[in-house]
Amino acid sequence: MKHWTEGFDDDDADESLVRPYTITGGRTTSERNDLTLITLVTAISEVSSEAERRLRRMQPEHRTIFALCKRPLAVAEVASALNLPVSVTKILIGDLIETGQMRTRPPLAFAQAGGIPDMTILEAVRDGLRNL
Amino acid sequence: MDYAISDHGDAAPLAVKILIAGGFGVGKTTLVGAVSEVAPLRTEEYLTHASVGVDDLEGVSGKSTTTVALDFGRITVNSQLVLYLFGTPGQERFWFMWNDLVNGALGAVVLVDTRRLDVSFASIDFFESRGIPFVVGVNCFHGVKDRTQEEIRRALDLDPQVPLVLCDARDRTACRDVLLALIDHLMAARSHTAPHPVA
Ligand SMILES: Nc1nc2c(ncn2[C@@H]2O[C@H](COP(=O)(O)OP(=O)(O)OP(=O)(O)O)[C@@H](O)[C@H]2O)c(=O)[nH]1
Ligand SMILES: [Mg+2]
């Protein structure tokens, strides 16, 4: 049995390329470039009936994302669960944001700001790690 | 306790990350797996997509397109904070993703294998040149301690302020201590510098 620490290879990358861009309707980049690997996305539970109708007309992958994100998940976690590349996943999540079905929480850009994170964050991480 | 301007009406926590970097086969995935609350997850990105650009992926099936894979783990710190650990290879072909990888990163752990220190040079250069705080974790494969810390520091041309910690990437407590060394390093840096606005 294959253990999870063994990587899977890239051999099937070429065949799997067509399908992802079919899901996005041929789009290869997201119009939203504000989504990052650890932006947390959450499905909005109380969506309008109009939004619900739209969701039904979307790709199955959109509905899977919507269902997965009942609890907040990082973009990378969604991509991993769907087994889709990050860029494709960002496009699909972008669709759900556009139609008012998801909300996001972006990370704080410490490094870009040349800054060190806030002490309260560091203390919380330290305490969390000590409890491991 | 709230970590940020929360105009996000929902209960989503704040996500932060620590990068686990270093050369090929130094134990990055092993470390992520040792401390993560879930088995390391894997995600892929198209190499051509990001490096070639936006314009044409038409007939993409005919091209030879490669993907790069990253694995990551998760530690739920508390209801308001979740820590992701991203294993990030040092090879240049991954660097197109580093803007995204660095976004939200507290800092990095660069893992080295004393038998092949050179494979982690690129990672050290990367964080040094961008001023991203990091610590070095020396992964002691089979308990091999064939070099003193001083020798390793010299070979890596490491800034004396950068902490260096010995570890076994398979051991949860040892890996946790490497992460704690990074947090201590960040706290020390924080108290030495004027508070910098995080945005
Ligand atoms: N004996 C011993 N083996 C280790 C240790 N850390 C990692 N290994 C083994 O070394 C090999 C490489 O470890 P990985 O965690 O896959 O290394 P990596 O840095 O993720 O490798 P790439 O992603 O391929 O660059 C695996 O077979 C591990 O089981 C260690 O501390 N001691
Ligand atoms: Mg690995």
Side-chain angles (χ1 to χ4, degrees), chain A residues 4-5 7-8 10 13-18 20-21 26 28-29 36-42 44 71-72 74-77 79-81 83-89 103-132, chain B residues 1 3-4 8-17 29-30 33 35 39-46 49-50 54 57 60-61 64-67 69 72 74-75 77-78 81 83-84 86 100-106 130-133 172 176 179-180 183 186-187 189-190 193 196-199:
Chain A
W4 54 257
T5 53
F8 55 76
D10 293 336
D14 285 298
E15 300 91 85
S16 65
L17 273 174
V18 184
Y21 288 117
T28 57
T29 40
T36 76
L37 286 166
I38 59 164
T39 299
L40 292 182
V41 293
T42 317
I44 296 171
R71 65 182 182 99
V75 169
E77 289 176 294
S80 176
N83 200 12
L84 284 173
V86 173
S87 51
V88 174
T89 307
R103 55 169 77 94
T104 61
R105 179 151 188 198
L108 301 171
F110 311 111
Q112 286 89 331
I116 308 269
D118 199 86
M119 215 43 138
T120 49
I121 294 178
L122 294 175
E123 279 165 3
V125 172
R126 185 193 56 193
D127 295 346
L129 289 172
R130 282 181 179 162
N131 288 336
L132 273 186
Chain B
M1 186 164 49
Y3 300 115
H8 310 271
D10 61 282
L14 176 67
V16 296
K17 72 163 91 99
T29 305
T30 307
V35 288
L41 299 167
R42 174 162 283 223
T43 189
E44 293 192 58
E45 182 58 298
Y46 294 134
H49 176 84
V54 204
L57 272 171
V60 77
S61 58
S64 89
T65 309
T66 27
T67 56
F72 62 99
R74 171 184 173 125
I75 298 171
V77 172
N78 60 39
L81 194 60
L83 170 65
Y84 290 93
F86 275 79
D100 196 350
L101 280 169
V102 161
N103 203 331
L106 303 174
R130 284 165 180 78
I132 296 165
R172 184 167 217 205
R176 182 200 66 183
L179 299 177
L180 282 170
I183 302 303
L186 290 166
M187 285 178 157
R190 174 111 205 147
T193 56
H196 198 290
V198 289

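Proteins get letters first, then strands, A, B, ... in listed order; numbering begins at 1 in each.
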Distance in Å, N78(B) CG paired with N131(A) CG, rounded so as to fall on 0.5 Å steps: 10.0 Å
Heavy-atom distance under 4.5 Å between the side chains of T43(B) and T89(A), does that happen here? no
If one checks every heavy atom of V41(A) against chain B at 4.5 Å, the contacting part turns out to be neither
CD1-CG distance between I121(A) and L14(B), expressed to the nearest 0.5 angstrom: 5.5 Å
Would you check if P133(B) and I116(A) make a side-chain contact, meaning some heavy-atom pair closer than 4.5 Å? yes
Could you pull out the closest heavy-atom pair between R105(A) and A12(B), with the gap in Å? NH1-O, 3.0 Å
Please give me the minimum heavy-atom distance between A124(A) and V77(B), naming the atom from each residue. O-CG1, 3.1 Å
Side chain, backbone, both or neither: which part of R130(A) has a heavy atom under 4.5 Å from chain B? both
Do I38(A) and F72(B) make a side-chain contact, defined as non-hydrogen atoms from C-beta onward lying under 4.5 Å apart? no
So, for R176(B) and L129(A), which heavy atoms are closest and what is the spacing to 0.1 Å? CD-O, 2.8 Å
If I compare all heavy atoms of P107(A) with all of A15(B), which pair ends up nearest, and what's the gap? CB-O, 3.8 Å
For R42(B) and S80(A), which heavy atoms make the closest approach, and how far apart are they? O-OG, 3.0 Å
Counting heavy-atom pairs under 4.5 Å with chain A, which one of L106(B), V35(B), L83(B) comes out on top? L106(B)
Top of A79(A), G128(A), A76(A), A81(A) for chain B proximity - count of heavy-atom pairs under 4.5 angstrom: A76(A)
Closest approach of L41(B) and E77(A), non-hydrogen atoms and distance? CD1-CG, 4.1 Å
